[in-house]
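Step one of this worksheet: look at the structure below.
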Amino acid sequence: MNTLVTGGSGLVGSAIESEFKPTKDELCMCSLSDICDYIEENKIDSIIHCAAKVGGIKANSEGLADFYTENIDINTNLLESAFLMGVDKVVSFMSTCVFPDDAEYPLTPSQIHLGEPHPSNYGYAYAKRMLEVQSRAYRDQYGRNFVTVIPCNIYGPNDNFNLDSGHVIPSLIHKCYIAKENNTDFEIWGTGKAYREFIYSKDVATITQWVLENYDSREPLIISPDEEINIAIIAQEIAWRIGFEGNIVYNQKRDGQLRKPSDNSELKTLLPDFKFTPIEEGLQKTIEWFIDNYKECRK
Ligand code: GFB
């Protein structure tokens, strides 16, 4: 298959094997005609759509309009060009933040549109919900096999380690590294009481490759491991692995959603033997990658 991977140099895109992974400079998702030309020139027959404006809780809560508008534009251009150029299979990424803030646990695909997302990221969440609607509409009107997946919080190499806009794991790795270097406190946002499900980027890449080749349902597929982990535990695990022995302090601000436990039973039915990378192993690999690539990584 000539599979185009959009966002090919990002956290998930960089973990997916394909010869068609143009960088943002090579192919901007802001131009419908450029995407159509790329698909035609490279005889693209399938797409894994990872490109998006993403960020952690602070970037989202301070960029609600930007996260909505940019992602709506990116997704509309990509799906319309795939339709116009006759691409039958597109796999697009949502996130477990799409679910209503007061949804019943565990989170299930049938609840996606049943209420407001969490106030900290409704811009991004609604744009990602519309990916489900857009994909379903191309399927119903034109019979296109556009599918969507809903991963939990992803981490791994090639992430954004920026202290302000990054997600929790890359930001805490960077913060802890600096705190150790400077012998200062290791500051954690919030109370440490929030829980998250974390999945290693390579696992998402492997599962997505399987979805591309085997999953043709209109139902979004949740991609998450079984366990939720508390943010305080993650902070202690990172501190231990980096060898930080100073103070871990919580700034009591910005916990966001306290939990997002998702129902991965469909995934486990489809891939019963899939072994998720244990968080300890994934953290160790991500920390080593960060230290090895400190100079050039996004931070
Ligand atoms: O990863 P994160 O920014 O995303 O935050 P969300 C997860 C939890 O980690 C929150 C806490 O409870 C944060 O308060 N946290 C503690 C930190 N210290 C830090 C820190 O230094 N940096 C960050 N970033 N968090 C995002 C959504 O929500 O999840 C996105 O806003 C997307 O749209 C993403 O869906 C997967 O899990 O809170």
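First listed ligand is number 1; within each ligand, the first listed atom is number 1. Quick note: numbers below take in every heavy atom, side chains included, and nothing from hydrogens, waters or symmetry partners. Positions are given from 1 along the sequence.
Looking only at side-chain heavy atoms (C-beta outward), Asn71 and Lys53 come within less than 4.5 Å of each other. Side-chain contact check for Ile234 versus Ile279: some heavy-atom pair is nearer than 4.5 Å.
Applying the salt bridge (Lys or Arg N to Asp or Glu O under 4.0 Å) rule to Glu26 yields no partners; only residues at least two apart in sequence or on another chain are considered.
Sorted by chain and number, the residues within 4.0 Å of ligand 1 by heavy atom are Gly55, Gly56, Ile57, Asn60, Ser95, Cys97, Asn121, Tyr124, Asn153, Gly166, His167, Val168, Ser171, Leu172, Lys175, Ile188, Trp189, Ala194, Arg196, Ile231, Arg254, Asp255, Lys260.
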Starting from the C-alpha separation in whole Å, work towards a yes-or-no answer on ring-ring contact (aromatic ring centres under 6.0 Å, His included) for Tyr124 and Tyr68.
CA-CA 5 Å; Tyr124 178 83; Tyr68 179 84; over 10 Å; no
Worked check of ring-ring contact (aromatic ring centres under 6.0 Å, His included) between Tyr294 and Tyr177:
CA-CA 10 Å; Tyr294 186 78; Tyr177 179 83; 4.9 Å; yes
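Checked against the 6.0 Å centroid criterion, the rings of His174 and Phe290 qualify as a close aromatic pair.
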